[in-house]
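Taking it in order: structure first as C-alpha cells, then the write-up.
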Amino acid sequence: MMRFAAVAALLAAVLFLSGTRASADFHDYHQLDADAKRAIVDSPTRTIIDLSGTWECSVDGTQRQPVANPSTQRLIGDITYRRQVRIDASMLRRHTWHLQFLGVLDEVELRINGRSVDKYPGGLMPFSVRLPDRALTAGINTIELRFTPPGNVTHAIERMVRAGQQQSLGMIREAFLVGTPHAWASEIVVRPTMQQGRGQLMLRCSISGGDISALASEVGSPVTADRLSAQVEAFIYDRNNVLVARSSLGTVAVERSRTTTADVVAYVDQPQLWSPRSPALYRSVVRVTVAGRVVDEITKYVGFRTIAVGNGQRERQVLLNDSAIFINAVEYVDDHPRLSRTMTAQQMRQDVMLLKTLGVNAIRVRYGAPHPYFLQLCDEYGILAFVEIPAAEIPKSLLLHEETVARMRNLAQRMVAACDHHASVIGYGISSGLQESIAETNSLHAQLVPLVKQGGSKLTYKTVPTSAIDDVSEGGFDVMFVRADTRESSNAMAARIDLARSRIRSAAIIASFGSVVSPANLNGFSDPLSGQAQALLIRDQYRASKAAGVAGVCVWTFNDYHLERPTMLVDHYDAYMRTSGIVDEWRQPRVAYTMLKSLINDEKEPLLQARDMATDTPLVFIVTGIMLGLLIVALSNRSRRFREYALRSILRPYNFYADIRDQRILSTVQTTFLGIIISTSAGLVLATVLYVMRTSPTFEYLMHIVFASDGMYEAIRAIAWRPGVAIIACSSVVFLMLVTVAALCRVGAMFVKSRIFFRDTLTIVVWSALPLVVLLPIGIALYQVLSTETMSLWIPILLLSVSGWFVMRCLRATSVVFDVRPLFVYAIGIGAVLSTVVVVVSLYDSWYDALAFLQYFVAVVAS
C-alpha cells in the first residue's frame, strides 16, 4: 500500500512539474530546443552560439537595464543592446565568424568590441553578416546592436495599414554567433524539378574563403597564391536515411575573402512527391572537401513537387504536381499572447497542430516573413505557405518614394534567399491593397515581380480589395487574392468574383473574407459581432466562393493579434487587439474554427442560433431628445421675451443683433441655458453618428486619418460604445467650441472702439448658433435614418450646411455689434477659418502624410 502511495505521489509530482514547465514554455520565452536549432542550422562542422538570454538595454542613451532577448519592443526610440561573449583562442583560430539574425526590426548597427562594423536593414527577414577578420579576440568580446526605428515614410505607411500588426523594434527573433570553417558554403540555392518522373536536384553552392593559410595548415595542403582547391558534392537521403542519390562533383578555387560558385546536379529516380497529404522530404547534405578532408557540411531539406497555374474544370486553378488543388487557407500572423511577435518553438508547434486539425492545406503569412522554424514545420507537416513583403495599402504619392522602393527591393531579395528552398512555400506576395491601374503601382510591380521571378521558383501574387476589382490589372501575376475587408463587401463577394473573372484572364483567383467579433458577445448570428455571426459569414462565403469556381479561399485570420492602432470596431477590453481570429490570442477555438473545419473536411456543421437582436434606437437618444424638446417649449412658454427674441434672431437678425449692440439683451443665465440646449442638440447628432458608425471599417480608417493621436482615438472609442457618455462628451465639446469662439471674438473686440464684454460675445455666438436646434428632431430619428445607405450621405451634408449657416450668422452678428463694415468682418472671419484649415492640414500632412492617405481613402477604401 505504501509502495502504491509512493508511486502515485511520484507520478503526481512528475505531472505537476511537466505541466508547470509547459505553462512556463507557453507564457515565457525559452531558448530554441535542439530540434528547432537543427531545423535552422544543421551542420556538424559549424559552431553555434545562441545569443538568446540577458542583454544590457539602453533606450536613447539612458542607463542600461537588463532585458531578455529575443523580445519585442515598441517604437520608443533608438534601442542599444549589449552583451559579452567568451570565445577561446583555439575556437577563434579554427573558424570564420558570422552573426546570423532570424528576424530583426528595423535597421540594426553592429559594433564588435567598440568597433563599428556596418548598418543593415532588418524587415524581419532572416540574414547573415560575416564579421571582419580580427573583429573578435580571444577571451571576452562585447557585441552591441543598435536598433533604429524605420524612416518617416515607412513608419507612416505601416501605421496606417488597416488592421496592421503592432509595429515593433529590436531583436524580435533569435540571433546566433556562427563559426564556420575557413572554407564554407555561404549560400545554397536549391532547385528541385521533375522531368518525366525523374527528380532533378540542382544546387548552386556559393563557397567562401576565410583564413586560407590556417585552413591549409589544418588539412595539410600546400597553399598556392593564397588559393586552395575545394570540391563540392551533395548527398541525397530519404526519410529512412537511405542514400538515394549523389551529385556530380564541383571544383572551385577558394580564396581569402572571396566567393565562388559551384553548380552540382543530383538525380533521384521516381522520387516521392511532396504534397500536403504526403509531405515527403529529402535530406540534402552538401559537403565541401579540401585535400580529401571534409571541412564543411550543411544540410538542407528539400521536397520534389511542381507548382503552376493552369485550367481547371471551370476556371484557372493552382496545379500541384500537375493536379488541381483547391486552396483552403487562413491568414496567419506571428503573434504570441505574451511576447507579441517573439514566437516560441512550442507556440509554433502548437499552431501547426491546430492548423492540421483544422484541415487547411495553406496559410498566408501576413505582416512580415515567418520564423524559419515555422516554415520548416510547414515543410514537415504539409502546409502550403504564401509569403509576402509588407507592401500594403501604400498611397499613390508614396509608392515610388526612394525609401519605399529601396526597402521593398531589399525585402524581396531577402525573402527569396530565405524561403525559396522550402517545399511548403509556393507563392511570393508583391503587394496588398494598392490602388489599381495607376502608373505608380504598375512601376513598382514592374520592379519587384521580375526580381522575385528571377531569383525564385514560386508563384507571384497580389491582393486586391473587392472595391478595386473594377480597375484591376493582372500585371503578370500568377495568383490574385480578392479580399473583402468589410461585412458588406463579403456579402457581395459572389458578384465581385464574377466581375473579377471577366477581368482576370490568366491568374487564379482566391477569395479572402472574414469578420471581427466581440469575444464576450454570446448572441446569435443575428448580431454581426457575435462568434456565431462570424461562423455564419465564413460558411456562406465559403460555399459561395467555391460555387463560383475560384481556385481557393482564404479566411482572415487564424489567430487574434496585437494592433498598431486602437480599434473601435468591437467592444473588446483591449483596444489594441484584433479579434478576427477563428482562435483567440490564447489559441482557444471559436465556433468559426469548428465551422471552417466542418466545411473543409465535410463534417457535421455546428448548430447556430439566431436569437433576437435589438435594432431600435437606444433609449437614451430618445429620452434626451424628448427632454430637450420639453425644455425648449417650457422656456418659450415661460418667457415671452425669449420666444420673441428666438423668432427675431431667425427672421430679423439685423434688428436682433442691434439690440445686443445697444445692450438690450437677454440675461447671461438664459443665454448660457440656451447654449447648453444647442450644444446638447448638436451633441445628440454627433453621438448618434458615432454610435452607428463605430463598427464601420471605412469610418474607422477615416477617423485614424483625422485623429493621429492614439490616446485621443482611444477616448473616442470609449464613448462610442456608451451612448449616454457619448451625448455628454459630444455636447461638452460643442459647448466648449462655442465658448472658444466667444473668447476669440472678445480678443477681436480689443481692436474696435465699442466696449464689448465676454457676455456680449457669448450672446453673439450662442444666438448665432440657434439654427443648430433644428438638429434636435433629426437626432431623435437619426439612428433609423443611418440604417439606410441612401440617406446616410445626406447627414454630413446637413451638418456642414448648418455649421456654415452658424458661421455666417456669427460673422454678421459680429459686424453689427462691433459696428464694423460687414465685408471687413467676412474677410477676416472667413480668412481666419480658411487659414486655420490650411495650417492644420499642412501640419498634418507634414507630420503624418495626411493628404496622401486621404487620397488613398477616397480612391480605394471608400470607393
[X]/[Y] ion pair, N-O < 4.0 Å:
{"X": "Glu56", "Y": "Arg83", "value": "no"}
{"X": "Arg349", "Y": "Asp33", "value": "yes"}
{"X": "Arg130", "Y": "Asp133", "value": "yes"}
{"X": "Asp334", "Y": "Arg341", "value": "no"}
{"X": "Arg246", "Y": "Glu233", "value": "yes"}

To the closest 0.5 Å, what do you measure between [atom1] ([X]) and [atom2] ([Y])?
{"X": "Leu92", "Y": "Arg86", "atom1": "CG", "atom2": "CZ", "value": "13.0 Å"}
{"X": "Ser116", "Y": "Glu109", "atom1": "OG", "atom2": "CD", "value": "4.5 Å"}
{"X": "Arg587", "Y": "Phe558", "atom1": "CZ", "atom2": "CZ", "value": "6.5 Å"}

Is there a side-chain contact between [X] and [Y] (heavy atoms, below 4.5 Å)?
{"X": "Asp263", "Y": "Leu203", "answer": "no"}
{"X": "Asp351", "Y": "Tyr332", "answer": "yes"}
{"X": "Val333", "Y": "Val365", "answer": "no"}
{"X": "Ser275", "Y": "Leu273", "answer": "no"}

Would you say [atom1] of [X] has more than 12 non-hydrogen atoms from neighbouring residues, nucleotides or ligands within 6.0 angstrom?
{"X": "Met194", "atom1": "CE", "answer": "yes"}
{"X": "Phe235", "atom1": "CZ", "answer": "yes"}
{"X": "Arg74", "atom1": "CZ", "answer": "yes"}
{"X": "Arg198", "atom1": "CZ", "answer": "yes"}

Minimum heavy-atom separation for [X] to [Y], with atom names?
{"X": "Arg414", "Y": "Pro126", "answer": "CD-O, 4.5 Å"}
{"X": "Ser432", "Y": "Arg364", "answer": "OG-NH2, 3.5 Å"}
{"X": "Phe147", "Y": "Met171", "answer": "CZ-N, 3.7 Å"}
{"X": "Ala135", "Y": "Ile112", "answer": "O-CG2, 3.3 Å"}
{"X": "Thr251", "Y": "Ser229", "answer": "CG2-OG, 3.6 Å"}
{"X": "Phe101", "Y": "Ala175", "answer": "CD2-CB, 4.0 Å"}

Checking side-chain polar atoms at under 3.5 Å, does [X] have a donor or acceptor matched by the opposite partner on [Y]?
{"X": "His182", "Y": "Asp211", "answer": "no"}
{"X": "Thr342", "Y": "Thr72", "answer": "yes"}
{"X": "Ser208", "Y": "Thr259", "answer": "yes"}
{"X": "Asp88", "Y": "Ser90", "answer": "yes"}
{"X": "Arg283", "Y": "Asn241", "answer": "yes"}
{"X": "Gln73", "Y": "Ser71", "answer": "yes"}
{"X": "Arg191", "Y": "Gln200", "answer": "no"}
{"X": "Thr344", "Y": "His30", "answer": "no"}
{"X": "Tyr461", "Y": "Asp478", "answer": "no"}
{"X": "Arg146", "Y": "Tyr81", "answer": "no"}
{"X": "Asp420", "Y": "Tyr428", "answer": "yes"}
{"X": "Thr45", "Y": "Asp296", "answer": "yes"}
{"X": "His98", "Y": "Thr180", "answer": "yes"}
{"X": "Gln166", "Y": "Tyr367", "answer": "no"}

(message) As a quick check of understanding, evaluate ring-ring contact (aromatic ring centres under 6.0 Å, His included) for Tyr282 and Tyr301, giving each step before the final call.
(response) CA-CA 6 Å; Tyr282 288 83; Tyr301 293 88; over 10 Å; no

Do the side chain of [X] and the main chain of [Y] share a donor and acceptor less than 3.5 angstrom apart?
{"X": "Arg293", "Y": "Glu218", "value": "yes"}
{"X": "Thr154", "Y": "Pro150", "value": "no"}
{"X": "Asn141", "Y": "Gly139", "value": "yes"}
{"X": "Arg366", "Y": "Glu388", "value": "no"}

(request) Please step through side-chain hydrogen bond (donor to acceptor under 3.5 Å, both in side chains) for the pair Glu174 and His371, ending with a clear verdict. (result) CA-CA 10 Å; Glu174 294 77 10; His371 197 288; 2.9 Å; yes

